[in-house]
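Scroll down for the structure; my scribbles are underneath it.
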Amino acid sequence: MAINWFPGHMHKARKEIKKVMPQMDLIIEVVDARIPFSSENPLVPSLRGDTPLIKVLNKRDLADPAVTEQWLKWIEQERGVRAITLTHNQRQEALGILKLAEELTPNHDRQKSALRVMILGIPNVGKSTLINTLAGRSAAKTGNEPAVTRAQQAIKLPDNVLLYDTPGFLWPKLSPEACGYRLAITGAIRSAVLDFEDVAMFEADFLIKAYPELVMTRYGLDEQPVDGLGLMDAIAGKRKFFRRGGIPDLHKVSEILLNELRAGTIGRVSLETPAMVEKELLETKAREEAEAAEKAARTDERKKRSR
């Protein structure tokens with residue numbers, strides 16, 4: 001299943017951000033530490049130009065710390081980008097972003113003009129909570145559902161910093177396809193547009209390969225299932241989730257898997273690594289090139305027949 005979610009307000013936000021971004025002195029992009037690649041917006045590099053960027057890997061407490069270290073090194077290979085990690089209720093750490101902003105804009109005189117900072121982030125990565133932490137007040141709406149912020153707003157911060165909040169927006173095509181699944185698993189896409197069982201099966205397949213000990217401990221399993229379906233069946237058996245006729249209730253299992261990963265109940269899990277993403281990008285590029293070549297061949301064939 002190809003997962004896409006691009007409501008009208010997101011399209012509007014993209015156009016507004018493209019218009020005002022050239023006026024910014026600094027950009028902060030908040031991503032989910034469990035999926036730093038899938039939760040970053042591929043539009044940002046083309047929109048920001050040479051503007052310094054602070055990439056905040058939020059929800060650090062939910063991610064695998066060893067994998068997070070890999071991501072920090074991978075992200076900072078990009079010119080003009082600094083990466084940090086955060087977790088909720090760590091105000092002093094969050095305020096370190098303002099200090100880092102000062103380091104990245106050494107030529108800006110805040111006595112003469114405010115430092116204009118745009119903060120970006122796809123839905124449900126904790127952007128609004130971070131804004132409120134930086135502001136020291138409830139300056140942005142927060143919620144557990146994605147797409148709470150619907151319009152841009154300017155928020156005054158200490159030391160003459162003007163923070164431009166923006167709606168969390170996704171992009172029209174989620175690629176590689178696995179990115180859509182990871183976003184769905186972590187809650188960045190509204191549940192109403194998802195096939196829970198399909199998304200949970202993707203999660204189960206990943207967990208049994210990458211974190212077998214965590215899921216076996218969490219669900220009290222004695223033997224390691226061979227695949228995602230085996231894991232879901234095993235959980236149904238342990239929790240006694242059955243429909244009429246003794247059929248495993250995979251919808252209930254799906255809800256458990258998704259909710260417990262999002263809450264961190266399963267353990268600290270990262271859903272992607274730099275090596276995994278690089279492999280997926282190469283595979284996607286090869287597939288798209290093959291599809292383009294096939295399409296061109298069909299077009300040539302039609303032209304020959306029409307002569």
Side-chain angles (χ1 to χ4, degrees), residues 13 16-17 20-21 24-36 38-41 44 48 51-65 68-69 71-72 75-76 81-105 108 110 114-170 183 186-188 261-265 268 270:
E16 291 177 352
I17 289 168
V20 301
M21 190 175 284
M24 296 296 116
D25 302 304
L26 178 77
I27 298 165
I28 299 171
E29 185 181 17
V30 185
V31 299
D32 189 320
R34 296 167 294 181
I35 51 169
S38 293
S39 60
E40 74 174 3
N41 198 305
V44 171
R48 81 174 180 94
T51 307
L53 170 67
I54 299 174
K55 188 152 291 191
V56 180
L57 279 64
N58 202 21
K59 305 186 181 183
R60 175 187 66 210
D61 54 313
L62 299 177
D64 183 330
T68 298
E69 284 300 316
W71 278 113
L72 290 173
I75 290 167
E76 290 203 338
V81 178
R82 295 285 294 275
I84 64 169
T85 65
L86 280 183
T87 187
H88 68 290
N89 296 329
Q90 297 292 327
R91 177 167 168 74
Q92 285 308 119
E93 272 194 328
L95 291 176
I97 293 173
L98 300 180
K99 179 67 176 176
L100 186 54
E102 185 177 350
E103 293 176 18
L104 291 172
T105 56
H108 187 92
R110 298 193 201 178
L115 184 72
R116 294 163 300 180
V117 179
M118 177 177 283
I119 186 164
L120 298 163
I122 68 164
N124 212 33
V125 291
K127 175 174 62 71
S128 295
T129 299
L130 175 58
I131 289 170
N132 293 338
T133 301
L134 294 174
R137 64 185 190 279
S138 295
K141 293 181 180 178
T142 61
N144 291 325
E145 275 291 304
V148 172
T149 305
R150 292 298 183 98
Q152 289 189 39
Q153 59 176 329
I155 300 162
K156 289 184 178 181
L157 300 182
D159 300 322
N160 205 16
V161 174
L162 196 57
L163 186 67
Y164 291 81
D165 184 17
T166 58
F169 67 99
L170 291 172
L183 289 164
T186 55
L261 185 134
R262 291 172 184 176
T265 309
R268 299 182 68 173
S270 291

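Note that this is a predicted model, so its numbers are computed, not measured.
Side-chain contact between Ile75 and Leu57: present, with at least one pair of heavy atoms (C-beta onward) separated by less than 4.5 Å. Using a 4.5 Å heavy-atom cutoff, the side chains of Arg82 and Glu76 are in contact. Looking at Arg48 and Met118, their side chains never come closer than 4.5 Å, going by heavy atoms from C-beta outward. Within the 4.5 Å cutoff, no side-chain heavy atoms of Asn124 are placed close to those of Thr186. At least one side-chain heavy atom of Asp165 sits under 4.5 Å from a side-chain heavy atom of Lys127. Proximity of Val30 to Asn58: side-chain heavy atoms (C-beta onward) are separated by under 4.5 Å at one or more points. Side-chain contact between Asn41 and Leu120: absent, with no pair of heavy atoms (C-beta onward) separated by less than 4.5 Å. In this structure, the side chains of Ile97 and Leu86 come closer than 4.5 Å at one or more pairs of heavy atoms.
Interatomic distance, Trp71 CH2 to Ile35 CD1, rounded to the nearest 0.5 Å: 10.0 Å. Arg34 CZ to Asp64 CG: the interatomic distance, rounded to the nearest 0.5 Å, is 12.5 Å. Of the inter-residue distances, the one linking Asn160 atom CG with Arg116 atom CZ reads 11.0 Å to the nearest 0.5 angstrom. Considering CG of Asn132 and CZ of Arg91, their distance stands at 10.5 Å, rounded to 0.5 Å. To the nearest 0.5 Å, atoms CZ (Arg137) and CD1 (Ile155) are separated by 7.0 Å. Considering CG of Leu26 and OG1 of Thr105, their distance stands at 6.5 Å, rounded to 0.5 Å.
Of all heavy-atom pairs between Pro52 and Asp25, the closest is CD-O, 3.5 Å. Minimum interatomic distance between Leu72 and Ala83 (heavy atoms only, all atoms of both residues): CD2-CB, 3.7 Å. Between Ser39 and Val31, the shortest heavy-atom distance links the atoms OG-CB, 3.3 Å. Here the shortest heavy-atom pairing between Leu183 and Ser38 reads CD2-O, 3.5 Å. Residues Ala101 and Ile54 share a closest heavy-atom pair of N-CD1, 3.9 Å. Nearest approach of Thr51 to Met24, heavy atoms of both residues: CG2-O, 3.8 Å.
Of the possible polar contacts, none joining the His108 side chain to the Glu102 backbone as a donor-acceptor pair under 3.5 Å is found. The closest donor-acceptor contact from the side chain of Arg268 to the backbone of Leu62 lies at 3.5 Å or more, if one exists at all. At distances below 3.5 Å, not a single donor-acceptor pair connects side-chain atoms of Thr85 with backbone N or O atoms of Arg60. Checking side-chain atoms of Arg110 against main-chain N and O of Asp159 turns up a donor-acceptor pair under 3.5 Å.
For the 3.5 Å distance criterion, the side chains of Thr87 and Asp61 qualify, holding a donor opposite an acceptor.
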Pair Val117-Ile119, side chain to side chain contact (heavy atoms under 4.5 Å, CB included): steps then yes or no: CA-CA 7 Å; Val117 179; Ile119 186 164; 5.6 Å; no

Checking Val56 against Ile84 for the side chain to side chain contact (heavy atoms under 4.5 Å, CB included) test, could you report, in this order, the C-alpha distance in whole Å, the side-chain angles of both residues, the deciding distance, and whether it holds? CA-CA 5 Å; Val56 180; Ile84 64 169; 4.1 Å; yes

